[in-house]
Every structure is written in structure tokens, then in C-alpha cells.
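As C-alpha cells, the structure follows; a few thoughts come after it.
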Amino acid sequence: MATTKAPDAGRRSDRSRRAIHDAALALVTEQGYRRTTIEGIAARAGVGKQTIYRWWPSKAAVLMDAFLDLAGRTAEDAGGAPQPDGAASSGGSAPGFPDTGDLAADLKTVLRATVDELNNPVLEAVTRALTAEGIVDAKLGAEFVQQLLDPQLALYVTRLRAAQEAGHVRAEIDPRIALELLIGPLMHRWLLRTLPLTHAYADEVVDYAVGGLTPRA
């Protein structure tokens, strides 16, 4: 007698989660955050509304989880973080942020990767939707910062502190303010579309910022 294999509940859950993620991202891209609803996500994903609420408490939570998953998959497809696994780390910087001993070169590597992410059509529409909605929805904005931005900003802080310890950055510099000199211009140009966001621009931002961070003769 042939045996009947029991359904794999874990695999089914994974498929449902991915379908919900894909549906949420597609709807935000097509119609924006405000017009996207749990009901719409459930219908597009082919699941019941209660399935979504079993895993996520709100629309914002669904979209944040979907976006983080998309960003992770995109990074894997692109070959991972800017720093290769074998890159030298002279200052004990966190994984994903290079520390070759040349601060300007390391910052240019990371900012160029940031430019590529912001210009990536797979990520851009959703990033813009969540960023824009986070400006008017304080709770969503706080979640976006806490879950996505803060972990990335912490890598800048770690690298800048390593540069301070090595004497490459003035001791009185606040790393949290310094990193905003680097990231702020890129986000301004990207959000407002004032001019093209390019690698050359990222390099110039680093040159301008580092010139004000390094020890004075």
C-alpha cells in the first residue's frame, strides 16, 4: 500500500510568507503605501486576512518585514556587503564595513554601494514609498529608522571611532554627526531628484567631509 506523505507545514508557511511579502511590495509600488491594505495584500497573495494577522500586527509591520527581506535578498544577489570576507580589518570595524586603514577609500566604497542600492529599480519604489510615508506617519518612520537605518548607521559609527583611535579623525568629532555629513547629501539628492546620484558625486561628498574631519596641521 502506498503511503501518503504528510504536508510540510513549514514549507507551506514559507511559501505563504513569500507570497504575502511579494504582494505587499507589488501593491506599494503600484499604488503607494496609503492605498495598500491588508485586504488587498491578502487577495493578491491568495491567503486569508487572518493568515496575515497571525504573523503581523499591522500593514506597516508586513511592509517593513517584506522590505527587509527584499533588501537582504538583493544584497545576496549582488554578492553581499561591500567588504569581501577576506578584507583586512585593522581597526576592528563591524562586518560589512571595510577597514583597510584608508578612511576615505573605505567610505567611498560604502557610499558607492549606497548609490547603487538607491538607484536599484527593484528597491527604489518601495524605499521611496516607505520613506515618504515615514515623514507623515511618525510610528512608521520610527520603525523604519530602528529596524533598517540604525543598524547601518552603527557601522559608520564603529568605523569612524576606529579612525579616531588610529589618529585619522580628530578626537573631538562626534561620529554620529560626522556620518550625517556623508549620508545626508546623498539622501537629499535622491529624495528631491535635484541632480543625478552617481559614484562620482559620492566620492566628492567623501572628499569634502573627510577634509573637515581629519586632524589639522
Side-chain angles (χ1 to χ4, degrees), residues 14 17-36 40-41 44-45 59-85 87 93-98 104-137 140-141 143-156 159 179-207 209:
D14 287 343
R17 284 179 182 271
R18 179 55 56 83
I20 292 167
H21 283 171
D22 291 346
L25 294 169
L27 288 172
V28 169
T29 299
E30 293 168 10
Q31 60 190 31
Y33 176 81
R34 292 191 175 186
R35 294 180 61 191
T36 298
I41 295 171
R44 176 72 68 94
K59 175 180 72 173
V62 177
L63 293 172
M64 193 65 62
D65 198 25
F67 180 76
L68 292 172
D69 178 63
L70 173 64
R73 284 186 281 137
T74 302
E76 289 178 3
D77 292 342
Q83 179 186 14
D85 291 339
S93 65
F97 206 118
D106 294 341
L107 290 172
K108 288 177 181 179
T109 295
V110 173
L111 260 64
R112 283 181 170 219
T114 301
V115 166
D116 291 340
E117 290 178 3
L118 292 173
N119 288 332
N120 185 333
V122 176
L123 294 171
E124 183 177 14
V126 180
T127 306
R128 285 189 181 278
L130 287 173
T131 301
E133 190 61 27
I135 294 173
V136 296
D137 183 337
L140 178 63
E143 291 176 357
F144 190 76
V145 169
Q146 181 181 11
Q147 295 190 47
L148 184 66
L149 293 185
D150 279 349
Q152 296 179 5
L153 299 183
L155 300 179
Y156 282 85
R159 179 63 184 90
L179 69 86
E180 292 177 355
L181 300 177
L182 299 160
I183 299 173
L186 266 64
M187 293 305 298
H188 178 273
R189 181 171 285 204
W190 177 74
L191 280 172
L192 301 182
R193 295 186 174 98
T194 54
L195 289 168
L197 187 62
T198 64
H199 286 179
Y201 176 66
D203 288 351
E204 287 196 66
V205 167
V206 171
D207 288 337

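The model shown is predicted, which means the values in this text are computed figures rather than measured ones.
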Check [X] against [Y] and note the closest heavy-atom contact, atom names and distance.
{"X": "Leu140", "Y": "Gly134", "value": "CD2-N, 4.2 Å"}
{"X": "Ala24", "Y": "Leu63", "value": "CB-CD2, 3.4 Å"}
{"X": "His21", "Y": "Val62", "value": "CD2-O, 4.5 Å"}
{"X": "Leu68", "Y": "Leu148", "value": "CD2-CD1, 3.5 Å"}

Point-to-point distance, once rounded to the nearest 0.5 Å, from [atom1] of [X] to [atom2] of [Y]:
{"X": "Glu143", "Y": "Asp137", "atom1": "CD", "atom2": "CG", "answer": "8.0 Å"}
{"X": "Leu123", "Y": "Leu70", "atom1": "CG", "atom2": "CG", "answer": "5.0 Å"}
{"X": "Arg159", "Y": "Leu107", "atom1": "CZ", "atom2": "CG", "answer": "7.0 Å"}

Set of residues satisfying salt bridge (charged side-chain N to carboxylate O under 4.0 Å, His left out) with respect to Asp22, sequence neighbours excluded: Arg73
query: Should we say atom CD of Gln31 is surrounded by more than 12 heavy atoms from elsewhere, each under 6.0 Å from it?
result: yes
Could you give the side-chain donor-acceptor pairs of residues 182-196 under 3.5 Å, partners two or more places apart or in another chain?
unit_1	atom_1	unit_2	atom_2	d
Arg189	NH1	Pro196	O	2.9
Trp190	NE1	Leu118	O	3.0

task: Can you run down the side-chain hydrogen bond (donor to acceptor under 3.5 Å, both in side chains) pairs that involve residues 121-135, sequence neighbours left out, and say none if there aren't any?
output: Arg34-Glu133, Glu124-Arg128
message: Please verify the inter-ring angle class for Phe97 with Tyr156; under 30° counts as parallel, over 60° as perpendicular, anything in between as tilted.
response: perpendicular
task: Considering only NZ, NE, NH1 and NH2 on the basic side and carboxylate oxygens on the acidic side, decide whether Asp69 and Arg17 come within less than 4.0 Å.
output: no
task: Kindly say whether Val206 contributes a backbone atom to a donor-acceptor pair with the side chain of Lys108 at under 3.5 angstrom?
output: no
